[in-house]
Amino acid sequence: MAAKLNLSGPPDSDTSSPNDQSVSSRSSNRSLRVADKARRKNEAEDPFVLALKYFSDVEAGTPVYGNDDVERNMVLVEKVAYSKGLSPEAISIMLEFAMSLRMGTILCPRVLKCLIPAAVVPQEAVVRAFVWLGVGKIPVSTQILFIKWVLTVFDMIDAKDQLRAIYGFIFSFVTEENLVCVFIFFLVVVRVFRVRKLLELQSKLGRQPFLLNLLSLYKVFCPDLVTLSIPSRIKSVFRNHNMPWRSALIAVQKRDGSQAASSISPASTIKDKTNPRKRKHCHLVLPALCSVVNKEAQTEPSSSRKVVPLVQLHSFAQLLENMHRIELPAQMGSLLGSSLALQYLDCVQDESALLRLNFWLGYALHEEFLFCGDGGASQNSEEALQFLNKLLSTQHFLQEGFSSSEAFLYKFLNVWDGSLLRPQILGLLSNIPVIPSSQIRRLLFEPLMQLFFTSSLFFKCGLMECLNNMLLKWLTWHSVYALEDDLDISLNSHTSINMTLSGFKDSVMELVDFVGRLASVGLQLEGCHSLLLSFILDFYETVCDTFLKYGLPLVVIPPTGVFYPALFASDPVSVDRLAYIMYRYKVNLTSAKSQETEQAFHISRQTFREFNHYAVVMVNCLWNSKMFQPGMGIQPGEELLLKSNVPQYWMSFDLIHHPAFMSYAVDFHQKCWPGRKDMDLNSIKHSKPWSWYLEYLFSQGYDGLKQFVQSNISRQKAAGDGQGNSLST
């Protein structure tokens with residue numbers, strides 16, 4: 001029996017195995033069908049799916065007013081769009097509904113504004129929308145809104161091949177709206193007839209910024225087709241963003257963790273879209289210096305003019321040997337990390353290279369510091385610090401700034417808090433070229449004034465140093481690039497923009513007057529702080545020598561809000577520096593007055609009167625002990641002076657009783673009369689002790705005070721007491 005059971009066991013098991021598999025397969029299929037049926041049922045009951053089906057099936061001519069269904073479904077779509085974003089299928093359905101105008105033009109802008117993609121945008125949907133533009137029934141304002149949306153989500157479109165295929169169709173809209181130029185800017189396909197049409201449009205419309213930007217990019221890729229001379233310092237008008245849409249995109253990405261929807265296939269997703277912050281901060285990392293992708297031209301032995309990539313050069317001698325055969329790198333940002341590349345850029349002054357570098361640099365600065373609603377570069381300050389330091393070292397090497405960083409700064413100052421990367425931002429600010437006087441107030445003074453009056457003492461000092469460096473560079477550019485006829489000056493060696501000498505003087509005058517106003521109010525706010533006063537006097541040490549040192553026929557006297565705090569300062573260094581500044585003013589004014597007839601320029605009589613007044617005040621205050629006398633400019637009421645209970649108040653600020661020099665007077669008195677128990681500082685004013693005291697004071701290193709006394713006071717030896725002097729101004 002056991003044997004029979006054993007023998008019969010295997011056949012039974014063999015025959016039951018197919019049956020078990022069949023039952024398992026049927027059970028699995030049934031589970032899938034049930035799950036699929038449940039999913040379809042859930043989708044059928046999902047209000048959002050029903051809303052999409054409504055907009056997909058709605059018939060043309062359906063009225064909007066009084067239609068509760070369209071309003072209810074529209075609200076559902078908007079709610080999902082602003083909270084989770086729309087899937088590619090939803091984007092296609094809603095974009096087709098909006099551009100086909102099946103319910104007229106009323107809903108079209110509203111639909112476009114809620115097209116917030118959750119992952120990617122189907123290229124086919126964008127192409128179909130452009131086809132609808134050719135119908136001619138869509139209002140111009142709606143066309144502009146559509147193009148703005150395309151520019152905002154341009155990087156999220158899953159492919160670009162079909163868009164480039166209809167490049168000619170998009171190009172036909174260039175006469176209607178400059179925003180189309182922006183879109184064309186990202187799909188550059190250069191053809192001769194397109195360049196010719198742009199040139200015809202420019203001759204008809206004038207030098208429009210959007211046409212110049214598009215032509216400048218065409219010239220980079222095909223310089224032989226664009227023979228027009230285009231300056232590299234042109235204002236960029238191409239932006240691939242719109243702030244409301246961008247803010248909504250960032251909010252959706254934050255909420256969903258930047259993960260693509262499950263309905264997107266792996267082939268259609270864009271690399272690095274799962275972590276936009278990581279992708280964005282790649283702008284702050286300088287690319288490596290490498291050759292272009294196509295290297296056939298440089299490796300071909302039969303080539304008569306071999307092209308040499310910059311990456312293969314390792315010395316300045318090699319650079320000189322191959323100066324006219326250099327191949328620019330694939331990524332222009334890599335030039336900032338190579339000293340040889342910067343030397344090439346400085347020597348050759350290639351406009352196309354500068355244009356490409358400015359475009360890359362401007363894009364990086366704007367993306368990382370201006371268009372980041374979620375923190376921007378402040379979230380990764382170390383990368384931003386290294387990037388800006390490298391940019392600063394590059395500008396110091398080239399001895400000039402980039403037009404892209406200049407344009408960035410004008411925008412960034414309006415949103416800057418004054419503390420983020422302060423040394424680097426102020427360093428970049430000091431490198432900007434001369435700004436026309438008609439624009440300097442709007443671009444520079446207004447944002448800086450708000451920052452100055454609402455920031456700390458250290459920011460005020462840093463800004464004063466920045467403006468002093470800016471003025472130094474302006475004056476240096478003037479002295480270096482001034483033409484022989486002394487009529488025009490070139491603002492930048494890489495540009496053809498010129499400014500007349502009178503225009504340059506107006507800009508310098510505006511800057512000096514602005515600093516004077518800031519300094520006067522800043523000293524009041526900070527209680528005449530000696531540190532701030534030191535930076536202000538640094539600035540006026542530059543201003544006082546504009547004529548002799550830099551050849552600019554302009555002399556600007558400091559305001560009273562700077563002169564008197566320096567004269568009455570409690571530290572001797574500030575008084576000494578003020579004396580030196582006044583000495584240099586006299587030297588410059590004397591030289592300018594002697595050359596006025598020869599050089600055909602004129603210094604205002606008011607300037608001479610202001611200087612003479614200050615010189616008289618200083619001499620009467622420090623030397624003659626006639627403070628608070630009539631005609632001194634500062635004349636408090638007699639009653640107020642008596643209430644102060646200060647004996648001989650008119651001598652309070654001479655070289656003996658001045659708070660800055662009293663310690664020296666006491667020390668001199670003790671050395672001169674060591675046996676005296678009672679100290680009488682007035683005894684120093686006798687003839688011989690006074691001369692000894694001056695020598696003692698000058699020996700302490702106060703050369704500015706010495707030069708001022710020697711140039712403005714004629715000392716006469718007198719038999720009796722007193723200094724025996726006369727004013728020589």
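Computation of the quantities below employed the complete heavy-atom set of this structure, encompassing side-chain atoms and omitting hydrogens, waters and symmetry-equivalent molecules.
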Heavy-atom closest pair, residues Val434 and Phe504: CG2-CE1, 3.5 Å
Please set out all donor-acceptor pairs under 3.5 angstrom arising from side-chain atoms of residues 554-563, sequence neighbours excluded.
none

Geometric class of the Phe359/Tyr363 ring pair [parallel <30°, tilted 30-60°, perpendicular >60°]: parallel
Euclidean distance, Ile536 CD1 relative to Leu518 CG, rounded to 0.5 Å: 9.0 Å
Interatomic spacing from CZ in Arg584 to CD1 in Ile581 - rounded to 0.5 Å: 11.5 Å
Under the side chain to side chain donor-acceptor pair (under 3.5 Å) test, residues paired with Tyr693 that sit two or more places apart: none
Smallest separation among heavy atoms of Leu451 and Gly418, with atom names: CD2-N, 4.0 Å
Student check: side-chain heavy atoms of Phe611 and Asn588 closer than 4.5 Å: no
Steps toward side-chain contact (heavy atoms from CB on, under 4.5 Å) verdict (Asp538, Met464): CA-CA 9 Å; Asp538 284 340; Met464 283 296 164; over 6 Å; no
Close side-chain approach of Ile440 and Phe514, heavy atoms under 4.5 Å: no
Under 3.5 Å donor-acceptor, Trp692 side chain and Tyr696 backbone: no
Distance-only polar pair, side chains of Thr454 and Gln450, donor-acceptor under 3.5 Å: no
Point-to-point distance, once rounded to the nearest 0.5 Å, from CG of Leu340 to CG of Leu345: 12.5 Å
Inter-residue atom distance Phe408.CZ - Glu367.CD, 0.5 Å rounding: 12.0 Å
Between CZ on residue Phe402 and CD1 on residue Ile432, distance to nearest 0.5 Å: 15.5 Å
Side chains of Leu388 and Ile425 in contact at under 4.5 Å (non-hydrogen atoms): yes
Test side chain to side chain contact (heavy atoms under 4.5 Å, CB included) applied to Cys466 - qualifying residues, sequence neighbours left out: Leu426, Leu429, Ser430
Stepwise side-chain contact (heavy atoms from CB on, under 4.5 Å) check, Asn431 with Leu392: CA-CA 9 Å; Asn431 287 327; Leu392 272 174; 3.9 Å; yes
List, one per line, each side-chain donor-acceptor pair under 3.5 Å for residues 566-573, sequence neighbours excluded.
unit_1 : atom_1 : unit_2 : atom_2 : d
Asp571 : OD1    : Ser574 : OG     : 3.1
Asp571 : OD2    : Ser574 : N      : 3.1
Asp571 : OD2    : Ser574 : OG     : 2.7

Phe453, CZ: over 12 other non-hydrogen atoms inside 6.0 angstrom: yes
Least distance between heavy atoms, Lys586 atom then Ser711 atom: NZ-O, 2.6 Å
Leu448 vs Leu467, side-chain contact (heavy atoms from CB on, under 4.5 Å): CA-CA, chis, key distance, verdict: CA-CA 10 Å; Leu448 287 181; Leu467 295 176; 4.3 Å; yes
Side-chain heavy-atom pair Phe708, Val619 within 4.5 angstrom cut-off: yes
Under 3.5 Å donor-acceptor, Asn414 side chain and Tyr410 backbone: yes
Shortest non-hydrogen separation from Asp576 to Asp703 and the atoms involved: OD1-N, 3.6 Å
Stepwise ring pair (Phe, Tyr, Trp, His ring centres under 6.0 Å) test for Tyr664 and Tyr702: CA-CA 12 Å; Tyr664 292 101; Tyr702 300 122; 5.7 Å; yes
Distance (rounded to the nearest 0.5 Å) between Ile435 CD1 and Leu511 CG: 8.5 Å
Sub-4.5 Å side-chain heavy-atom contact between Phe547 and Gln595: yes
4.5 Å side-chain heavy-atom contact, Ile656 and Phe668: no
Considering all heavy atoms, the nearest Ala364-Phe387 contact: CB-CZ, 4.3 Å
Heavy-atom check, side chain of Phe535 versus side chain of Leu463, under 4.5 Å: no
Test item: side-chain donor near acceptor, Glu610 and Tyr614, under 3.5 Å: no
Thr476 and Gln399 side chains, donor-acceptor separation under 3.5 Å: no
Results of salt bridge (charged side-chain N to carboxylate O under 4.0 Å, His left out) for Arg422 - residues two or more places apart only: none
Main-chain N/O of Gly516 paired to Ser520 side chain as donor or acceptor, under 3.5 Å: yes
Inter- and intrachain pairs under side-chain hydrogen bond (donor to acceptor under 3.5 Å, both in side chains), touching residues 521-535, at least two apart: Lys460-Glu526, Ser534-Arg577
Flag side-chain contact, heavy atom, 4.5 Å: Trp477 against Trp474: yes
side-chain contact (heavy atoms from CB on, under 4.5 Å) evaluation trace for Phe412 with Leu365: CA-CA 10 Å; Phe412 185 68; Leu365 289 172; over 6 Å; no
Shortest non-hydrogen separation from Phe661 to Leu697 and the atoms involved: CD2-CD1, 4.0 Å
